[in-house]
Structures are given as structure tokens and as C-alpha cells.
Amino acid sequence: MPPSIPTEVRVRAACPHDCPDTCAMEVTVADGRAVKVRGAADMPFTNGALCTKVAHYLERVYSGRRLLHPMKRVGRKGEGRFERISWDEALDTIAAKYRDIAAEDPRAILPYSYCGTMGLVQGESLDRRFFHRLGASLLERTICATAGAHGWRATVGAMLGADPEAATEARLILIWGANPVVSNLHGWRHLQEAKRRGARLVCIDPRRTDTAKKCDLHLAPLPGTDGALALAMMQVLIAEGLLDREYIARHTLGFDELAARVRTCTPEWAAPLTGLAAAAIRSLAIEYGRSARSLIRLNYGLNRCAGGGMAVRNVACLPALTGAWRHAGCGALLSTSGNFPVDGRALARPDLYPDAERFPPRTLNMSFIGDVLLDTRDPPVRAIHVYNANPVAVAPDSHRVRAGFAREDLFCVVHEQFQTDTADYADILLPATSQLEHRDVHKAYGHFYVVDNRPAIAPLGEARSNTAVFRALAQRLGFAAAALYESDDAIAAAAFRADDPRVAGLAEGLRTQGWARLALPAGYAPFADGGFRTPSGKCEFFSAALAREGLDPLPAWHPPAESVPSNPALAARYPLALITPPARNFLNSTFANQARFLAEEGGPKLEIHPEDAAARGIADGARLRIRNDRGDFVAHAVVTTDVRPGVVCSPSVWWPKLCEGGHNANAVIAARPTDMGGGPTFYDCLVEVEPA
Ligand SMILES: Nc1nc2c(c(=O)[nH]1)N[C@H]1C(S)=C(S)[C@@H](COP(=O)(O)OP(=O)(O)OC[C@H]3O[C@@H](n4cnc5c(=O)[nH]c(N)nc54)[C@H](O)[C@@H]3O)O[C@H]1N2
Ligand SMILES: Nc1nc2c(c(=O)[nH]1)N[C@H]1C(S)=C(S)[C@@H](COP(=O)(O)OP(=O)(O)OC[C@H]3O[C@@H](n4cnc5c(=O)[nH]c(N)nc54)[C@H](O)[C@@H]3O)O[C@H]1N2
Ligand SMILES: [Mo]
């Protein structure tokens, strides 16, 4: 036989990860094996480049540690000892359990997923349909963004904001609770371009991040105090008359009430709360008030505190006062996700829920999964099905989370690419495909493009996609609804509402180039002429909707739950405020088991100011124990002025089992909900630190 000629093909793909940038990728496949992954050169936002994590995606796909077969537990719960079984045995076991539990009360079954993949097909289609049809408990997916989203929506009505590609037009950019160099690299390119064109960049972050170092000015408020800073800025804008009065009159609601509310919120009032000098606050407000061509690039860093919802709301009020929304690339941007006309009902089919009268739907909050599994409730959760998520590593108050997963009477299915800390608690552990092995389509939250993902290679080993698993389970449970068996292609094709003008040309773009921009004009400015999506159609300084929820209808100061002024008794024992933002080489806990990235990060670290270090006899590099009443974890000291006295920072999210002592930072973080949206408070945490 003649030697076979290697055939090389290029397949269009999408980066699946939870990141604002949702890159378009091109995968080169030779003889059925992916040999190269790169950023699509023709996709404007990706611009031919991937971050270091995904540039090495093939190391993940072909890692020797991939899960490749179904397994069942043979050791104790959490021990992580498994034995290989067939897919038939795995699926039969799960189906039998779910059938038995559902016969009594299907709400005792809980799906648990987040954004392991952001794909609409593998992330929120057949899984939702299956659990709706089963009548399982519903999951409130709060672990990241719901506090800020709630505050944002109350103010401007929808997750719409400035066009990130037009940010180059802004003259003043406030980067607020965001670290784009690390967590929004492709968006950062446009901010840098704005700077080259003469814009001034101001970073508002308790930590001097890589982003802060590249800005013209860095203000380091104490964690969880952004709400006070924004109120003081409003006070100055109003007192100094730095206002777009015409915009306010035409497009806002409740200005007089707002003015009355902030009258006493002077920079002198905010200074002790935020730890910033009153003069610095005043000069920031005046600079902001004088340049209408301003952009506030928020991200979710400021929403992970007790007052996170209100903080985002207060910041969202600012551009309506100065009229910044009038200009392309100006105003504010938290997320672009509201621009995508995703057909959520068609994807998730909530109408499949079988018997709402007998079993009124029950919703459980993912952020407090420890409480969900441990507290008495009717019915108790008897089975949990985890996919696209790693709760034992990422959810707050890990000791409670672990105790919940360790329950002998809890039947636990985990569908994963790797044996995570959560996987260790599985009764049945299923192998999941990677993004190169399945079909998907992606919207984005940091730009306006839809990105297609075609399978480039066959599933490795016996790995199956999420949709394949839910089809197989539906069949074993004898469910008849055709919607439970739809193909990935059909789901992808119907993911967006076809009658929406923004998807004009979408199908054609995806077919020919693998990505397509929403049909929005270049330099699109959503609120240039008002058109807010609130009930009043205006930017609501006064929100009747919030009042109906029992919340303050006006911007207000919601202090952190754990800080020196708000909880002095606790601060006497635990005086340091801990934040745990993303490490550059990890994506939440994804990638945090891969040798290259572990080596790059060099072990769990705690950044601490020289004064705080000296007071505790801590030298640079020392092994530290970080603790409070909830637990402790170990990290090595980085003595640095990048954090201010009183604040410590431990970049995250490490796999607990790869940490000395078996715990990561979530061991010390409280399971306490935010003021709005039921989110977690990862960056609202007091600790003490000592040499270990
Ligand atoms: N490399 C990398 N990229 C990522 C991720 C990752 O893990 N790694 N995660 C992805 C995900 S899921 C998300 S949600 C986004 C997260 O990215 P961002 O939304 O940018 O949010 P965070 O990284 O949580 O926080 C951003 C900055 O807020 C700062 N911060 C902490 N507390 C406060 C505060 O109280 N006030 C203010 N003003 N700032 C504060 C932190 O120091 C951090 O530098 O990034 C995504 N991109
Ligand atoms: N201390 C602290 N904790 C945090 C944060 C923080 O900043 N500090 N950030 C929080 C934030 S913003 C978020 S969004 C959450 C994120 O929490 P999660 O969404 O749970 O994110 P990951 O930890 O990345 O875990 C995702 C898992 O999904 C798996 N996966 C990927 N693709 C697939 C697939 O196709 N099928 C299946 N079945 N599995 C797949 C991956 O292997 C990975 O283990 O973490 C939160 N936790
Ligand atoms: Mo997130």
C-alpha cells in the first residue's frame, strides 16, 4: 500500500472559557489529531492572538490526566478512588437513582453547573431541558455576576453598554474593579490604543495590578467601598454643576431625589470609608465631570462584596450625570451580553416542567451550596449532578461545601475533563469532551461577535459531551419529548431569535468565516438618545423596582460585611482585608492543574504590605497561614507595596488538593449573600496572617 498522505484541515472554533473576550480560534488538524490552535486573524476582536492559557490548549486536550472512561467510586466519599465501568453501567446507575428519587419528589435532584464552557449548546440547552422535564430543583446561577447585574439593570435596564471597540474614542477611561491585562486581554488592546491617542487611564482597584501599573493614575480604595466613592463623585458633580443638564432632564428619573441623597456624601465623608484622600476623590470627580468623552470600564471585581449590587448601581449613575452616554465608545461598560438576542426559552424549555401543581418549582442558590446540602430542607437534596463547574474549589466556605459533598446519603454525579476536587466526591464520574471535540455556538460578554465552534477532532477515549449525556439519560428515563433529543447542530441553529434584526447575516457569517458581528452600527452607543430599558425608559436614579424589592430606591452606601469600620469586633481579631482575584495563568480553577501554569504561578501566594509583614515578623517568601473562624489556608508571602496596609491579596483559584494543607482561599471566605442578586462575597473577608 502507498503511504497515506497526511491531510491537514483547518477548523473554526471558539474559546469556551468564562472571559469577556470569547476568542475565535482556528484549529489545524492532521490525520485526526489537532496539531495547532491559534487566534483567528480575521476576527477583529481576537485579532490573531490568544492568551497564554488557550494558546496552549492542546496541552489540556491531550493531557495524560484527561478523564477518558466512566468510573464508579470504590473508596470513601471524597477519597478520589475509582474503578472503570462501562457507559451502560454508568448511565443505568444514574437513571435508576434519578427514577427512584423522582418517584417521591424530583426536586430532591439538583443540577449544578456554571461556565466551564460558555457555549449555548453545551452550557445551557439539553441540560436545562432534561432537568426541567425531570422536575428537578432549579439552580440560581449567582456565583459570579448577579449582584452587579442587578444593580446595573435597576439603573439602565439591561446588560448593554459602550461598544468596547469604540473605546478608542474616549478621552478619559476609568478602569473600575477590573484587571483587563489579566482577565480581558483583548479588550485591553482597545484601552491601550485610546491611551496612545491621548486618553488618560485611571485604575480604581485596591491592588496595584499589572493594569494599574500601565495607567496614568491608580486609586486604591479599601475593598468593598466603591459605592461610597461613587456617591462622593456624584456629590461633587452636582455641587460643582459639572452636569449635562439637558441629558439629565430628558433621559433620567429622580435627579432631585438623588441630589438630596448625596448632599452630605462629600469627599470628606467618603475619605475615611474608602481610605482615599478627600482631595484625590474631589479631583477625580472634577476630572470626570469635565470630560464628557469618558468611559467607565467596570468589571465584576467590585460586585464581590456585601454592597456589590449597590456599588455597581452607584457607578452606573455617573455617565448619565455628565452625558457621557451621548458619545460612541463612552458612557460605561459592564457587559455586552444583553445585545445578543439569545432565545433562552427555546434553549432551556422551562415548559417541559411536568407537574408544577404537585411539585411547585424550587430554586436553590449555587453560591451557598454548602448550606443547600447541609441545612434541613423539604425535600432534602438527595442527588447532585455537577457539570461545567468545580464547586469544591470555587464556592465560598469550603469546609461547609466539603461537608455537604461528603454526605453518605448524597448521590453525586460529576461530569468532568479532569479529576477535580469536586470529582473526588463523585459516586459516578463521567469523562467530558473538550471544546475541540464537540459542537457549540457562543455569544460574548465583552464584545459584539457570535463565534461558532465546529468539532475539530473525535472525542478522546470514551469522553462524551454534555448534550450526549443528557440525551442518553432522557432515553433511559423513557422521556418522549422530541426537544430532549435535538441534535447539537439544530440547537445551535435556533439559539438566536431569527426575527431579531441584530442577527441579520448571522448564519451566513458563521458558515463562511466561523464568526459574525451582530448587526449593530459601528460606534454603536446604546443610550446616546436615552432609550434606557428600565420601566420608565430613563436612567433610573430613583428605582421603584428596587423599592418593591424592599431595597433603597436611591443610590446608597452599603458597607462591606467585614471591614474595620463596619465590624470592629471582628476586625480586632482579624484585621486584614483579603481579596482573591484571578491569577493570570488560571481561569477560575480551570488550568490550575496543568504543569505549565502551576510553574508559571509558582504556588499560592499572599501579597502583604511591608508594614503589615514587619508587624508580624514575616519575611518575603515566608510560609504563611491565613486564617479566621471559618478556616485557614497556606501561602507564601510576597512582601510588596502593591497592596496597601490593611489589605492582603491571594491570586486564585487554586485546586485545594494541590495546596499544602489541602485548602485554598475559599476556606476562609464567608457564604453570605450580596445586597442584591444573591451573589457571593469573595472579596469581603477579614483574616489574620501568621508565619506557618
Ligand atoms: N486570566 C484570567 N482571566 C479571567 C478569569 C481568570 O480566572 N483568569 N476569570 C474570568 C471570570 S469568570 C470573570 S468573572 C472575569 C473576572 O474579571 P474581573 O471582572 O476583572 O473581576 P475580578 O478579577 O474579580 O476583579 C478585577 C479587579 O478588581 C479588584 N477588586 C477586588 N475587590 C475590589 C473592590 O472592592 N473594589 C474595586 N474597585 N476593585 C476590587 C481586584 O483586585 C481585581 O484586580 O474574568 C474572566 N477572565
Ligand atoms: N476565591 C475566589 N473564588 C472564586 C472567584 C474568585 O475570584 N475568588 N471567582 C468566582 C467566579 S467569577 C466564577 S465565574 C466561579 C467559576 O466557577 P466554575 O464555573 O466552577 O469554573 P471553573 O473552576 O473554571 O470550573 C469549570 C469546570 O468545568 C469543566 N468543564 C469545561 N468544559 C466542560 C464541558 O464541556 N463539560 C463538562 N462537563 N465540564 C467541563 C472544567 O474542566 C472545569 O473543571 O468561581 C468563583 N470563585
Ligand atoms: Mo466569573
Side-chain angles (χ1 to χ4, degrees), residues 16-21 51-53 60 67 112-117 119 122-123 127 141 143-145 148 175-185 203-207 209-212 219-226 229 298-305 308 311 315 334 366-367 386-391 393-396 414-418 420 422-423 430-435 437-438 440 445-446 463-466 469 560 577-593 643 647 649-655 664-666 668-669 680 682-685:
H17 294 296
D18 187 351
C19 167
D21 296 5
C51 69
T52 39
K53 303 178 292 301
R60 183 172 179 84
L67 296 173
Y112 192 101
S113 75
Y114 201 62
C115 291
T117 168
Q122 302 303 335
D127 56 324
R141 290 180 170 80
I143 203 152
C144 176
I175 300 174
W176 201 326
N179 186 6
V181 170
V182 164
S183 52
N184 175 206
L185 190 60
C203 182
I204 303 172
D205 193 310
R207 177 189 188 212
T209 59
D210 290 344
T211 302
L219 294 177
L222 292 164
T225 65
D226 306 273
L229 175 58
L298 303 82
N299 216 324
Y300 289 102
L302 72 162
N303 101 137
R304 310 198 201 289
C305 297
V315 173
L334 175 57
M366 73 181 309
S367 294
V386 182
Y387 58 102
N388 291 348
N390 185 10
V394 306
V414 177
H415 188 194
E416 250 299 347
Q417 295 166 346
F418 291 91
T420 59
T422 308
L430 304 174
T433 42
S434 77
Q435 183 78 341
E437 298 151 54
H438 56 228
D440 223 318
Y445 66 97
R464 290 194 191 177
S465 68
N466 296 340
V469 167
L578 169 71
I579 57 171
T580 59
R584 180 198 284 262
N585 292 283
F586 302 159
L587 198 127
N588 302 317
S589 76
T590 302
F591 302 108
N593 61 325
V643 286
V647 176
C649 173
S650 187
S652 292
V653 179
W654 292 80
W655 279 30
N664 70 11
N666 282 319
V668 300
I669 290 166
F682 290 116
Y683 306 162
D684 189 338
C685 178

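No hydrogens, no waters, no symmetry mates; every other heavy atom, side chains included, goes into these values. Counting convention: from 1, in listed order, for ligands and their atoms alike.
Residue contacts with ligand 2, taken as heavy atom pairs separated by less than 4.0 Å, do not involve Ala665 at all. When non-hydrogen atoms are compared, ligand 1 lies under 4.0 Å from neither the backbone nor the side chain of Ala311. Contact annotation for Val394 and ligand 2: heavy atoms of both the backbone and the side chain come within less than 4.0 Å of the ligand. If you look at Asp226 next to ligand 1, the close heavy atoms, those under 4.0 Å, all belong to the side chain. Contacts with ligand 2 closer than 4.0 Å are made by backbone heavy atoms (N, CA, C, O) of Leu587 only, the side chain lying farther away.
The two residues Ile204 and Leu229 make their nearest non-hydrogen contact at CG2-CD2, 3.9 Å. For the pair Phe682 and Ile669, the tightest heavy-atom approach, listed with the atom from each and the gap, is O-CD1, 3.5 Å.
Set against the non-hydrogen atoms of Tyr114, the atoms of ligand 2 under 4.0 Å away are 14 (S), 19 (O). Near Asn588, the atoms of ligand 1 lying under 4.0 angstrom from a non-hydrogen atom of the residue are 6 (C), 7 (O), 9 (N), 12 (S). Using a 4.0 Å cut-off to heavy atoms of Thr209, the atoms of ligand 1 that qualify are 44 (O). Atoms of ligand 1 lying under 4.0 Å from at least one heavy atom of Tyr445, given by number and element, are 11 (C), 13 (C). For ligand 1, the atoms lying closer than 4.0 Å to a non-hydrogen atom of Gly224 are 34 (C), 35 (O).
Below 3.5 Å of separation, one finds an N or O of Ser589 facing an N or O of ligand 2. For ligand 2, the polar-atom distance check finds no N/O of Cys144 at less than 3.5 Å from any of the ligand's N/O atoms.
Assignment of His17 to the shell around ligand 1 is not supported, since no heavy atom sits closer than 4.0 Å. A heavy-atom separation below 4.0 Å is not found between Pro180 and ligand 1.
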*Do Lys53 and Phe586 pass the side-chain contact (heavy atoms from CB on, under 4.5 Å) test, and can you show the C-alpha distance, the side-chain angles, and the key distance before you say yes or no?*
CA-CA 7 Å; Lys53 303 178 292 301; Phe586 302 159; 5.7 Å; no
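Among all non-hydrogen protein atoms, the one lying nearest atom 30 (N) of ligand 1 is Pro206 CD, 3.6 Å. Looking only at protein heavy atoms, the nearest one to atom 29 (C) of ligand 2 is Glu416 OE2, 3.4 Å.
Annotation: side-chain hydrogen bond (donor to acceptor under 3.5 Å, both in side chains) contacts of Ser650 (sequence neighbours excluded): none. Applying the side-chain hydrogen bond (donor to acceptor under 3.5 Å, both in side chains) criterion to Trp654, with sequence neighbours excluded, gives no partner residue.
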